[in-house]
Protein chains: 4
Amino acid sequence: MTDWLVIRDMNAPLPTRPQPRWTRRKDARPEEIAAAALDLFVEHGYAGTRLEDVAARAGVSKGTLYLYFAGKEELFKAVVREGLVSPLTEFRSTVLEQYKGSAFDLLRILFYGWWERIGSTRISGIPKLIIAEAHNFPEITRFYIDEVVVPGQAMLESIVARGVASGEFRRVSPRETGTLLIAPLLLLALWRNSLGHYEPGAIDARRFIDAHLEMLRNALAGTPARVHKVS
Amino acid sequence: MTDWLVIRDMNAPLPTRPQPRWTRRKDARPEEIAAAALDLFVEHGYAGTRLEDVAARAGVSKGTLYLYFAGKEELFKAVVREGLVSPLTEFRSTVLEQYKGSAFDLLRILFYGWWERIGSTRISGIPKLIIAEAHNFPEITRFYIDEVVVPGQAMLESIVARGVASGEFRRVSPRETGTLLIAPLLLLALWRNSLGHYEPGAIDARRFIDAHLEMLRNALAGTPARVHKVS
Amino acid sequence: MTDWLVIRDMNAPLPTRPQPRWTRRKDARPEEIAAAALDLFVEHGYAGTRLEDVAARAGVSKGTLYLYFAGKEELFKAVVREGLVSPLTEFRSTVLEQYKGSAFDLLRILFYGWWERIGSTRISGIPKLIIAEAHNFPEITRFYIDEVVVPGQAMLESIVARGVASGEFRRVSPRETGTLLIAPLLLLALWRNSLGHYEPGAIDARRFIDAHLEMLRNALAGTPARVHKVS
Amino acid sequence: MTDWLVIRDMNAPLPTRPQPRWTRRKDARPEEIAAAALDLFVEHGYAGTRLEDVAARAGVSKGTLYLYFAGKEELFKAVVREGLVSPLTEFRSTVLEQYKGSAFDLLRILFYGWWERIGSTRISGIPKLIIAEAHNFPEITRFYIDEVVVPGQAMLESIVARGVASGEFRRVSPRETGTLLIAPLLLLALWRNSLGHYEPGAIDARRFIDAHLEMLRNALAGTPARVHKVS
DNA sequence: TATGAATGAGTATTCATTCAT
DNA sequence: GATGAATGAATACTCATTCAT
């Protein structure tokens with residue numbers, strides 16, 4: 001009566017199942033991925049960078065990227081943020097707080113420190129990245145403006161204003177002068193990360209910064225004329 | 001002096017690699033994994049189900065799946081097999097063997113028992129799964145046909161044939177009639193596992209089965225005319 | 001004085017540019033793509049269908065798909081909608097409007113017409129698709145319920161109600177009975193698009209529909225009237 | 001009778017293949033294409049710019065692009081070349097040849113002329129483009145260095161050298177000083193084509209250039225001579 | 001000459017599977 | 001046994017390029 005429902009053996013030989021197709025390579029660390037990504041983003045731009053190349057340079061697989069970053073865009077943002085925040089923090093604590101002496105001395109410390117901590121490192125590629133991708137990443141650009149441009153400009157203006165107030169500097173507009181102070185450094189950073197590869201000796205960073213400082217010393221110097229008049 | 005460069009909180013620092021490489025979570029039991037897998041396979045289909053979700057629902061890790069099942073395909077087969085074999089066995093022993101009385105009474109017992117053991121449980125999702133994946137899993141489909149469809153159909157035909165032979169049923173074709181007996185129940189199972197989620201009150205299972213039985217009673221009834229004539 | 005800015009010739013020989021890597025194949029028509037997609041979606045489900053295969057079956061390239069459909073999901077929706085709307089419209093105009101005579105005659109016309117226009121065509125794959133993907137495509141499911149299930153059920157209930165009102169049918173519940181009328185046809189459609197491939201001769205559609213109609217004739221027959229006449 | 005199956009409006013019928021295969025739209029001129037391309041290249045970078053968008057902005061079809069430019073790369077090169085060569089030629093003939101008077105007057109003419117012919121026009125986007133794509137287009141970079149950077153630098157150095165020789169300028173290094181002269185202008189160009197869109201009022205070009213000139217006047221002034229005269 | 005539908009190589013992203021811990 | 005980070009084949013989707021009209 002009930003043998004309609006006899007259940008026979010499953011004769012189930014799995015036809016095909018491929019053998020292990022990969023081997024573990026290494027323990028991935030997000031820092032290495034971010035460093036590799038920064039290099040390639042700086043070199044080829046956002047769209048021009050292939051995640052496969054990022055993975056290869058970091059020594060991990062493509063899939064590992066997605067373990068730490070939600071996608072290409074998030075990787076880019078993380079890389080830029082990370083490339084900015086940590087150096088800025090370090091810059092502030094190791095350079096700015098060393099200040100002693102005149103406004104001009106502060107500029108010197110600032111410029112040398114910038115070269116040491118930013119200009120001569122891979123971080124100097126970030127500005128190029130921001131400039132190149134500003135239209136494509138409004139959020140990142142906004143962040144850069146708010147966190148770097150605005151406070152940096154404020155700092156420079158403040159130094160100028162102090163120098164002017166104390167008579168150390170000529171009566172100049174802090175606004176435009178602040179920007180003029182940083183322009184050669186920015187150009188240096190951009191140069192080093194783009195055309196500089198084709199003309200390696202074109203700009204000697206140390207001589208360039210020194211020349212800039214020397215120009216500034218004369219450009220900003222409080223009028224010695226009055227001093228002479230008095231004497 | 002240095003608060004020009006205050007860096008606001010960053011909501012997205014570089015992700016860090018988690019330290020403890022693993023901790024034992026629970027004692028895994030394959031039954032729980034299979035139950036979770038059945039739910040998700042029924043819900044999203046084979047290809048649409050991610051093993052990660054199965055593991056999460058079962059409360060185990062992805063790796064644990066592979067301790068008990070050779071792979072996704074094997075998990076699927078095991079789930080379907082297990083979802084079929086054990087309920088069928090139980091169905092057979094608890095429902096079919098209760099048979100007493102007329103052919104029509106057997107149908108009633110069968111239908112109510114089916115609802116109790118199959119239709120109202122998660123097992124009712126299996127037919128949907130089979131229908132959806134028939135082309136992708138010939139082996140499983142073959143198994144289902146051999147173990148469920150063919151014996152089930154044979155059983156139904158046998159009941160019809162007995163009813164016809166005894167004069168309880170009208171002279172109908174056992175083949176087509178057997179299939180017609182089960183069609184509404186199958187539809188009910190499919191409905192409950194698909195569209196039913198969107199129109200929960202559309203079908204009242206009890207009333208539906210009863211209406212089906214009542215239809216059958218009239219449709220199959222041996223011609224009372226002759227009986228009256230004789231008496 | 002001005003020869004700093006002499007512009008030299010661009011000595012620009014383009015190093016590499018590959019030659020034409022493809023040849024035009026044919027004029028694509030979205031109908032062919034949709035037909036190919038319907039076949040494959042019915043066969044392998046949504047996730048199991050590769051757009052590359054759809055393109056190949058339609059005789060076009062992968063890119064051409066995106067010329068007409070925004071993506072896989074949109075293709076799926078378009079295919080289902082198109083598979084429903086146009087046949088339903090035709091069904092309505094060519095079958096339903098032929099109605100003449102009794103309620104039972106209408107059922108016969110309906111069932112035969114359904115088989116002619118839906119059941120025996122590739123459109124019969126749509127229900128399987130809907131059932132399988134209901135959870136993954138709420139929008140499509142909603143559409144199917146609103147446009148097919150609800151009006152179809154209403155139509156069936158209306159036929160039953162008319163038959164009951166005129167005394168042609170026994171006093172049955174239009175709700176459950178309406179669903180019972182369509183159940184075997186739906187099962188037939190599902191069978192033909194799934195398990196039927198493995199057991200081609202298992203169901204003879206014509207005999208099955210005829211048996212269903214014959215069952216209904218007896219099940220619904222308004223016998224009481226005749227009894228009263230006799231007595 | 002048949003309004004059970006009313007099918008509501010479908011908002012998405014199968015797309016149809018457009019009938020007229022093409023109609024002439026306009027007389028294309030390569031200048032318009034190049035202008036559109038320059039805008040988009042500056043905005044989104046090389047890889048981020050789609051030729052389809054270039055064509056749309058130029059008001060021509062994609063195919064027309066290829067009538068005038070061999071491909072994306074060639075379009076890019078042509079755009080950069082054209083964006084450089086013609087303005088440089090014009091700049092040379094209309095600005096540089098107006099030279100009269102002192103070295104400092106020449107700087108003023110140079111800067112104002114640069115702003116008039118380059119800085120305030122879309123040509124100012126080229127430097128950003130070069131910086132961003134330097135690694136991807138060695139050939140274009142080489143061209144830019146040879147045709148713009150080197151002669152431009154030579155010109156600046158020559159002006160400085162002349163000023164120093166005549167005693168008008170302090171004894172400064174022509175090399176570094178030449179670069180320092182142009183740095184703020186370049187920064188201005190870059191700013192206007194990237195971050196400037198987010199902070200439109202941040203830099204007032206006229207005031208900025210004037211401030212730069214004023215700084216230079218003081219920085220370069222050959223004061224020692226006068227002192228000697230007085231003494 | 002101008003068009004834009006058709007093409008397919010290239011790339012971002014997913015997820016089944018492995019294995020060191 | 002149990003874990004989950006790492007892997008890379010597979011696949012959806014993009015877009016520079018071609019060519020019949």
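Order of the sequence lines sets the chain letters (A, B, ...), proteins ahead of strands, with each chain counted from 1. What you are looking at is a predicted structure, and each value in this text was computed from that prediction instead of being measured.
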Asker: Specify the closest pair of heavy atoms between A:K128 and D:I131, including all atoms of both residues, with the distance to one decimal.
Answerer: CE-O, 3.4 Å
Asker: Based on Watson-Crick and G-U pairs with both distances under 3.5 Å, what dot-bracket line describes DNA chain E 5' to 3', crossing pairs as [ ] and inter-strand pairs as |?
Answerer: .||||||||||||||||||||
Asker: What is the distance, rounded to the nearest whole Å, between atom CZ of C:F69 and atom P of F:dC13?
Answerer: 13 Å
Asker: What integer distance in Å separates D:R29:CZ from E:dT1:C1'?
Answerer: 16 Å
Asker: Of C:G63 and D:G63, whose closest DNA chain E nucleotide lies nearer the 5' terminus?
Answerer: D:G63
Asker: For C:H135, give me all partners under ring pair (Phe, Tyr, Trp, His ring centres under 6.0 Å), at least two apart in sequence or on another chain.
Answerer: B:H197
Asker: Does any pair with a residue in residues 56-72 of chain C pass salt bridge (Lys or Arg N to Asp or Glu O under 4.0 Å), and if so which ones, sequence neighbours excluded?
Answerer: C:D39-C:R57
Asker: Under 4.0 Å: is that the gap between some side-chain N or O of C:K72 and OP1 or OP2 of F:dA12?
Answerer: yes
Asker: Below 4.0 angstrom from OP1 or OP2 of F:dT3, is there any side-chain N or O of B:T64?
Answerer: yes
Asker: Side chain to side chain donor-acceptor pair (under 3.5 Å) with D:N136: which residues, sequence neighbours excluded?
Answerer: D:E133
Asker: Considering residues at least two apart in sequence or located in another chain, which fulfil the salt bridge (Lys or Arg N to Asp or Glu O under 4.0 Å) criterion with A:E73?
Answerer: A:K77
Asker: From CG of A:L65 over to C1' of F:dG8, roughly how many Å is that when rounded to an integer?
Answerer: 13 Å
Asker: Measure from the side-chain N and O atoms of A:T141 to the backbone N and O of A:F137, and report whether any donor-acceptor pair falls under 3.5 Å.
Answerer: yes
Asker: Quick one: OH on B:Y68 to OG1 on B:T64, what's the gap to the nearest 0.5 Å?
Answerer: 7.0 Å
Asker: Is the shortest side-chain N/O distance from A:Y68 to OP1 or OP2 of F:dA6 below 4.0 Å?
Answerer: yes
Asker: Rounding to an integer number of Å, can you tell me how far A:E73 CD sits from E:dT11 P?
Answerer: 18 Å
Asker: On DNA chain F, compare the nucleotides closest to B:L67 and A:K62; which residue's is nearer the 5' end?
Answerer: B:L67
Asker: I'd like to know if B:R29 and B:E32 make a salt bridge, using a cut-off of under 4.0 Å between side-chain N and carboxylate O.
Answerer: yes
Asker: What distance separates B:Y46 OH from B:L129 CG, expressed to the nearest 0.5 Å?
Answerer: 11.0 Å
Asker: Heavy atoms within less than 4.0 Å of DNA chain E: which residues of residues 36-55 of chain D have one? Give them sorted by number.
Answerer: none
Asker: For the pair made of OH in B:Y66 and P in E:dC15, what is the distance, rounded to whole Å?
Answerer: 13 Å
